[in-house]
Each structure stands twice: as structure tokens, then as C-alpha cells.
Amino acid sequence: MKTTTKYLSDTKVLMTVTLGKEELDDAEMVALHKLAKSVKAPGFRKGKVPVAVAAKYVDPNALANQLLDDAISKAVSVAFTESDIRALDRPQVDVKKYVPGQEVEFTAEVEVLPKIKLGKYKKMGVKRVVGKVENSDVDDVIERMRAGFAERKEVKRAAKDGDEVVIDFVGKKDDVAFDGGSAKEYTLKLGSGQFIPGFESGVEGHKVGDEFDLPLKFPDDYQAESLAGQEVVFVVTVKAVKEVVLPEVDDAFAAKAGPFKTVKELREDIKKDIEKSRE
């Protein structure tokens, strides 16, 4: 196989490839093995015809086309790999010359990764900056841990900001329930901002057993176009109101959070974890 390469631009290559008798003979054997699977020959089942026998019954035009396809496909792959050229798409092939059993010449044009010349990057330097861990960073982690250990106590009073409520709700637009707007036994923390503006504050002040209509308007930039800017009504039923009781940050809390005897040990461990993460 002979190849010549011409760069039409920084990102486009035209490669000319010439294959001789040896490559075409190899391609013919590959093509015969493929075509033999569909050849019918006396005394043999379809798909079981030996290659030597199949060669006598295969359609010459089919063989020539298959041979050419196989020869070009293999040649393109080998030529670009050996030339260390990374094609970004399937090359556009144009056969220039084809002498069956003797020679084929074709061109392959394709967009490629441009050649990149690196600058003197080994002399570049960078100063690593590790942010200082503040007490507020540790406090944030402590608060998330408190939320994880929080107790939920059912209460009979009206729901307020910070409580968890269990609700059933059905969202309706023009008195027709819309998709994705209904749920049963849904746990919602009031003040979390999970729902559209006005929903959570509208649940506040209601007790277990209350069923009420909550008229709201979806934001104009709401992701569901069918609901953006639309006025709807949620029919809400309060099934439970739970007060979220956060644990005190004391030595008992530290012992529950891990192998720590004091809050000081817990805070030091958290600080080390944050420092390691930032490094």
C-alpha cells in the first residue's frame, strides 16, 4: 500500500491511497467469506457453502463491489492510523482507478484534528491557594448534621414555618387536574422552597384535618410551558403536622455523630475534613 497525504487546510486532509495485487487478493478472500453465507450451491445448505465452492457461484458484480468496499475500509483505517491522523468523521472516498485483481487507487478526504504546537508549558508556574477554613464553615456542617439527627414530633397546633407536614393535594387548572400536580401522603418542610411561591406559606396556619383551596399563580418562567404564568387552585388536605426538633450541640451530640468525646473534637475533625477537601 502506498499513500500520500496533502493538507487542504489546518483541519482538512486529502489522502491518496494505492493498493496492489496482494491487498486486493486479501480483500477478495474476506469478501468471499462474507458472500458465501448467502450463496446457494448444489449439495450444500445455505450458509454452509465452502469458500472455494462459493467462488464458482457468487455474482461477479457483488464480489467486485464487496471486495472494493472491504479493501477501501481496511486501507483507510490502516493509512490514517499509520500516519497518526485523527479523523473527525467518516472520510469521503473517491475511487480514481480500479483494475480488478491488480490495482485500485482512491482518495479519502476528511476533517481532522489540527496539529497543535505546545508552548513552553513546562516553565509555567501556578500558586496554589487553599482557602482558610472559617468557623462559619464548620457551623454549616454542624447544622446539616443537626438536621440529620432531628426528631419529628406530631403536634395538634397549626402548622408554622419550619414544620414538616404530611399532605394530600390536587392541582387544578380550570377545574381540571393537571399532570404532575397531585400527590398523597406527601411530606413537605415548610420554608424549604420546594413548591411554587405561596404554596408553603398557604399551608401555614392549618391543622390536621383541614381541607382547603389554595389559589396560586405559576411563575412566568416556570419550566413547564403549559403552566407558566397560569392561575391554578390546589385542593389541600393536612394529614399530619410535625415539629422538627433539632438536637443541642453538646458532647452527647458529638458522641452520636462519631467517635468523639467532646464538641471540640467533633469541630476539629470537621475542620480537618474541609481543609483536606479544599487542598
Side-chain angles (χ1 to χ4, degrees), residues 129-250 252-254 256-258 263 266-267 269-271 273-278:
V129 179
V130 179
K132 181 181 178 182
V133 179
E134 305 290 347
N135 285 331
S136 58
D137 297 324
V138 178
D139 291 339
D140 289 342
V141 176
I142 292 288
E143 286 306 304
R144 291 198 294 272
M145 295 176 69
R146 291 180 73 200
F149 288 117
E151 294 182 31
R152 275 78 174 166
K153 297 182 179 180
E154 291 200 24
V155 294
K156 296 182 179 180
R157 61 167 171 76
K160 63 180 182 180
D161 186 42
D163 286 342
E164 278 189 2
V165 294
V166 179
I167 55 175
D168 292 346
F169 61 89
V170 178
K172 296 183 179 182
K173 177 184 173 185
D174 299 327
D175 291 328
V176 178
F178 56 84
D179 291 340
S182 304
K184 287 186 176 295
E185 302 287 334
Y186 187 91
T187 299
L188 171 66
K189 183 176 182 180
L190 301 181
S192 62
Q194 293 182 47
F195 280 36
I196 62 174
F199 188 98
E200 293 170 28
S201 60
V203 176
E204 292 179 23
H206 290 279
K207 299 180 179 180
V208 174
D210 286 357
E211 182 176 339
F212 56 95
D213 290 348
L214 187 57
L216 295 173
K217 181 181 179 181
F218 275 89
D220 294 334
D221 59 351
Y222 192 68
Q223 62 268 27
E225 294 183 2
S226 61
L227 295 173
Q230 298 298 308
E231 294 183 353
V232 298
V233 174
F234 285 94
V235 180
V236 183
T237 303
V238 180
K239 309 295 285 294
V241 177
K242 300 178 182 180
E243 182 179 1
V244 180
V245 182
L246 297 175
E248 293 295 327
V249 182
D250 52 20
F253 173 80
K256 186 183 293 185
V263 173
L266 171 61
R267 293 184 65 89
D269 186 75
I270 292 172
K271 183 178 180 180
D273 281 346
I274 297 175
E275 288 175 342
K276 185 177 180 180
S277 175
R278 290 183 178 178

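Side-chain atoms are counted along with the backbone in the values below, which use heavy atoms only and exclude waters and symmetry mates. Residues take their numbers from the sequence shown, with the count starting at 1.
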**OP:** Taking all heavy atoms of V244 and all of A150, pick out the closest pair and write down the distance.
**Re:** CG1-CB, 3.7 Å

Original post:
Between D174 and V176, is there a donor-acceptor pair closer than 3.5 Å when you use the side chain of the first and the backbone of the second?
Top reply: no

Subject >> Distance in Å, F149 CZ paired with L246 CG, rounded so as to fall on 0.5 Å steps >> reply: 12.0 Å

Subject >> K239 vs D168 side-chain heavy atoms within contact, under 4.5 Å >> reply: yes

**OP:** Any chance you could measure K184, atom NZ, to T237, atom OG1, to the nearest 0.5 Å?
**Re:** 7.5 Å

Original post:
How far apart are the closest heavy atoms of G191 and D161, and which atoms are they?
Top reply: CA-OD1, 3.2 Å

**OP:** Run the numbers on V235 and E211 for side chain to side chain contact (heavy atoms under 4.5 Å, CB included), then give the verdict.
**Re:** CA-CA 7 Å; V235 180; E211 182 176 339; 3.9 Å; yes

**OP:** Any chance you could lay out the side chain to side chain contact (heavy atoms under 4.5 Å, CB included) test for H206 and V165, step after step, and finish with the verdict?
**Re:** CA-CA 10 Å; H206 290 279; V165 294; over 6 Å; no

**OP:** Walk me through it: do V263 and F253 pass the test side chain to side chain contact (heavy atoms under 4.5 Å, CB included)?
**Re:** CA-CA 8 Å; V263 173; F253 173 80; 5.7 Å; no

Subject >> Partner of E164 by salt bridge (charged side-chain N to carboxylate O under 4.0 Å, His left out), out of K189, R152, K242 >> reply: R152

Original post:
Between CG of L266 and CE of M145, what distance do you get to the nearest 0.5 Å?
Top reply: 5.0 Å

**OP:** Sort out for me which residue in R267, K271, R278 forms a salt bridge (charged side-chain N to carboxylate O under 4.0 Å, His left out) with D137.
**Re:** R278

Original post:
Is the shortest heavy-atom distance from the side chain of K156 to the side chain of V208 under 4.5 Å?
Top reply: no

**OP:** For I196 and K217, work out which heavy atoms get closest and say how close.
**Re:** CD1-O, 4.2 Å

**OP:** Could you walk me through whether V141 and R144 pass the side chain to side chain contact (heavy atoms under 4.5 Å, CB included) test, one step at a time?
**Re:** CA-CA 5 Å; V141 176; R144 291 198 294 272; 3.4 Å; yes

**OP:** Output the distance between atom NZ (K132) and atom CD (E275), rounded to the nearest 0.5 Å.
**Re:** 10.5 Å

Original post:
Can you find a pair of side-chain heavy atoms, one from K160 and one from D163, that are under 4.5 Å apart?
Top reply: yes

Original post:
Do you know which of F218, F234, Y222, Y186 makes ring pair (Phe, Tyr, Trp, His ring centres under 6.0 Å) with F195?
Top reply: Y186

Original post:
Hey, are the side chains of F199 and L188 touching, using non-hydrogen atoms and a 4.5 Å cut-off?
Top reply: yes

Original post:
Shortest non-hydrogen contact from V170 to A177?
Top reply: CG1-CB, 4.0 Å

Subject >> Straight-line distance of Q230 CD to D220 CG, nearest 0.5 Å >> reply: 9.5 Å

Subject >> CD-CD distance between E243 and E151, expressed to the nearest 0.5 angstrom >> reply: 10.5 Å

Subject >> Contact summary for G171 and S182, nearest pair of heavy atoms >> reply: N-OG, 3.8 Å

Original post:
With a 3.5 Å cut-off and no angle check, do the side chains of S192 and Q194 form a donor-acceptor pair?
Top reply: yes

